[in-house]
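Accompanying notes for the structure given below.
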There are 2 protein chains.
Amino acid sequence: MSTISDVARAAGVSPATVSRVFNGGRVSPERTERVRQVAAELGFSPNRVARSLRTQRASVIGLMIPDIENPFFTALARGVEDASQRTNLSVVLCNTDEDVEKEARYLDIALAEQMAGVIVAAASRRRSDFSALAERGMPVVAVDRRPRAAMVDAVMVDNQHGSDEATAHLVDRGYQRVACITGPAGASTSEERLAGYRAAMREAGAADEWIRAYTRHADFRVEGGRTAMEELLALPEPPDAVFVANNLMTVGALQALRVAGVEPPSFGILSFGDVPWASLVRPPLTTVQLPAYDLGVAAAALLQERIAGSDKPLQTVVLRTALRPRASTAGPEGE
Amino acid sequence: MSTISDVARAAGVSPATVSRVFNGGRVSPERTERVRQVAAELGFSPNRVARSLRTQRASVIGLMIPDIENPFFTALARGVEDASQRTNLSVVLCNTDEDVEKEARYLDIALAEQMAGVIVAAASRRRSDFSALAERGMPVVAVDRRPRAAMVDAVMVDNQHGSDEATAHLVDRGYQRVACITGPAGASTSEERLAGYRAAMREAGAADEWIRAYTRHADFRVEGGRTAMEELLALPEPPDAVFVANNLMTVGALQALRVAGVEPPSFGILSFGDVPWASLVRPPLTTVQLPAYDLGVAAAALLQERIAGSDKPLQTVVLRTALRPRASTAGPEGE
DNA sequence: CTGAAAGCGCTAACAG
DNA sequence: CTGTTAGCGCTTTCAG
């Protein structure tokens, strides 16, 4: 592995000149040419570690996501990756596993590795803590999940509006008892989606107590969705439709329905977020489409601005969802 | 951000002592205690960039996978991650997108960032090139896909055996015309799985020419699987069963079958590798289970040995698959 | 436009 | 067991 001084010696110039050639400093054309030539011959490429140490900043950004097995987050990750590639930033993907400790460990690493910045889909609304990064001036962008009171830029989905619309759709189609399976109580996404559901149900005339009885919190995973659905089906007066607040829990809910011999659309089911391999599900599922990829792109753009030193006031970008009605919510008569 | 000298000064010791405290050198208990104390107060954590520059090795390893949206690779990634966490290595995930250029770019980054080592599921058997890393002494472990002639450790799945067994299972169940959808011609996994299929078919008495006519190469993605299945169904004498060489193509094949109104198990279908959300598919799918997670763990273990400086001869670890017969291959009579 | 020199923060000999 | 010292490879003043 040749170094900058090897190149300098071989080209008969100073290391500083070589450095300038690779960093856009002013160097005479012929020297530039010679240095490039020699560098190519020697297979030289600048050592980023040394550069980071010297400049105190890296060309790597961290992306913390809570579940690498959820297609929503992989799509988001691709958005971040694609947008970053254009700026020559490389992306380090960290899977926090919905675990605040693990997340904290990765945030420490980001700090110790002097990463240029971090994009986080926070594991917990209350307990995720970015203050250490913020204090040391490392740019942070929150994505998908809004951490409480953290002073960072954010890119969010319009959860409440999307859920409200989705729930209203179920009501419109004639379902009488629309239940809700939402995520863990700590997460902003859970709460906002629940709030949308509640708003729509109140508007449809449901009492708060009734709503509470037909609401379940689960873990945003398949398993949790299944269990919650089983509980709802076991109610004295079971629901005839369900609004499920994320994709994986919908998969679980579908399993529970199948086991119970309940078939959409006589039982309505609507998923907030695309269900993976939706094409395998019959009947086709009504979903609220989330702009996962664009969320990633927007977050990366915001982060890049900050890395470049922008001191605009903090922004929150909100992206809209889109309701895709399909057969799974055709109506209780099973049209 | 406090440095090692800040801590040294505040604790009244030398920087070397602080360093030793954090790296397991011999330091008297009371000093160790004091240093730890002071470090905690100052919120000190060692700067990994400086450490890497000094020691010429990093505590980061790269993991290059061809498709982050394939659950097989995410499971593999988790294996790598879990195994690495125990050794305090952090994992950088790079999505090569089955693209040799993109892969090469990431490999360059690995080099420039002085990563401790790299685990690669190669994008191409022929064109993926690790020689630059090997030359510079960076440990590389190939996983899942065997790059041609590269002198690296490898962790593989017993593709040929698994495919042979799977195909024989279809034949045993009474299917007469078993077709095959395999992956791109370049990949070792495609070729080995195809070889297993061929061996079983020959043993069942099929002519080479017949086998060729009932074989399709696709791209390991959903789309490719669908197209290939459509082609097979359009043959003058369509197959009555198919062996599909990866999970995503199976999803595509199922879509094509559904559109054509063909239902397993009267048409047999068997997937090499677990199909995501298999529980949504009806009837339940017969699969060859792959040890994706363990593949990751084994690769990480091998890499760690090399990073630690082992100069054992190169090894190839082969993990076995397991056939899980389910209803989708119950037999042409549709028992 | 170019070179010399001074570190970034850390670790690894080497002496003590 | 502890401190001193000399860099890892690079960038960035500061002179020239």
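For clarity, every value in this text was computed on a predicted model and none was experimentally measured. Residue numbering restarts at 1 for every chain, and letters A, B, ... go by the order of the sequence lines.
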Worksheet item: Looking at D:dG3, D:dC10, C:dC10, which one has an atom nearest to any side-chain atom of B:Val13?
Response: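 In terms of side-chain proximity for B:Val13, the closest of D:dG3, D:dC10, C:dC10 is D:dG3.
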Worksheet item: Counting side-chain heavy atoms from C-beta on, which of D:dT2, D:dC10, C:dT2 comes nearest to A:Arg31?
Response: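 Between D:dT2, D:dC10, C:dT2, the one nearest the side chain of A:Arg31 would be C:dT2.
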All N/O pairs under 3.5 Å across the protein-nucleotides 5-7 of chain C interface:
from: C:dG7; atom 1: N2; to: A:Arg54; atom 2: NH1; distance (Å): 3.1

Practice prompt. Find the distance between CE (A:Met115) and SG (A:Cys94) and round it off to the nearest 0.5 Å.
Written response: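 Output value for this atom pair is 5.5 Å.
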Discussion item. Within this structure, what is the CZ-CG distance for the pair A:Phe44 and A:Asp6, rounded to the nearest 0.5 Å?
Written reply: 8.5 Å
Practice prompt. Would you mind classifying the nucleic acid contact of A:Phe22 as base, sugar-phosphate or nothing, using non-hydrogen atoms under 4.0 angstrom?
Written response: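 Touches nothing.
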Discussion item. Considering every strand and a 4.0 Å limit on heavy-atom distances, what is the contact class for B:Arg48: base, sugar-phosphate, or nothing?
Written reply: nothing
Discussion item. Show every side chain to side chain donor-acceptor pair (under 3.5 Å) that has at least one partner inside residues 298-311 of chain B, sequence neighbours left out.
Written reply: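 Residue pairs with at least one partner in residues 298-311 of chain B: B:Thr87-B:Gln304, B:Asp153-B:Arg306, B:Glu305-B:Lys312.
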[N], OP1 or OP2 - any side-chain N/O from [X] closer than 4.0 Å?
X: B:Asn23; N: C:dT11; answer: yes
X: A:Ser19; N: D:dT11; answer: yes
X: A:Ser28; N: C:dT2; answer: yes

Discussion item. For B:Glu101, is the CD atom crowded, meaning more than 12 foreign heavy atoms sit under 6.0 Å from it?
Written reply: no
Response to the item:
Between B:Pro29 and B:Ala50, the residue closer to the 5' end of DNA chain D by nearest nucleotide is B:Pro29
Discussion item. Checking B:Arg48 now: which residues fulfil salt bridge (Lys or Arg N to Asp or Glu O under 4.0 Å) with it, not counting sequence neighbours?
Written reply: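 Counting only residues at least two positions away or on another chain, B:Arg48 forms a salt bridge (Lys or Arg N to Asp or Glu O under 4.0 Å) with A:Glu113.
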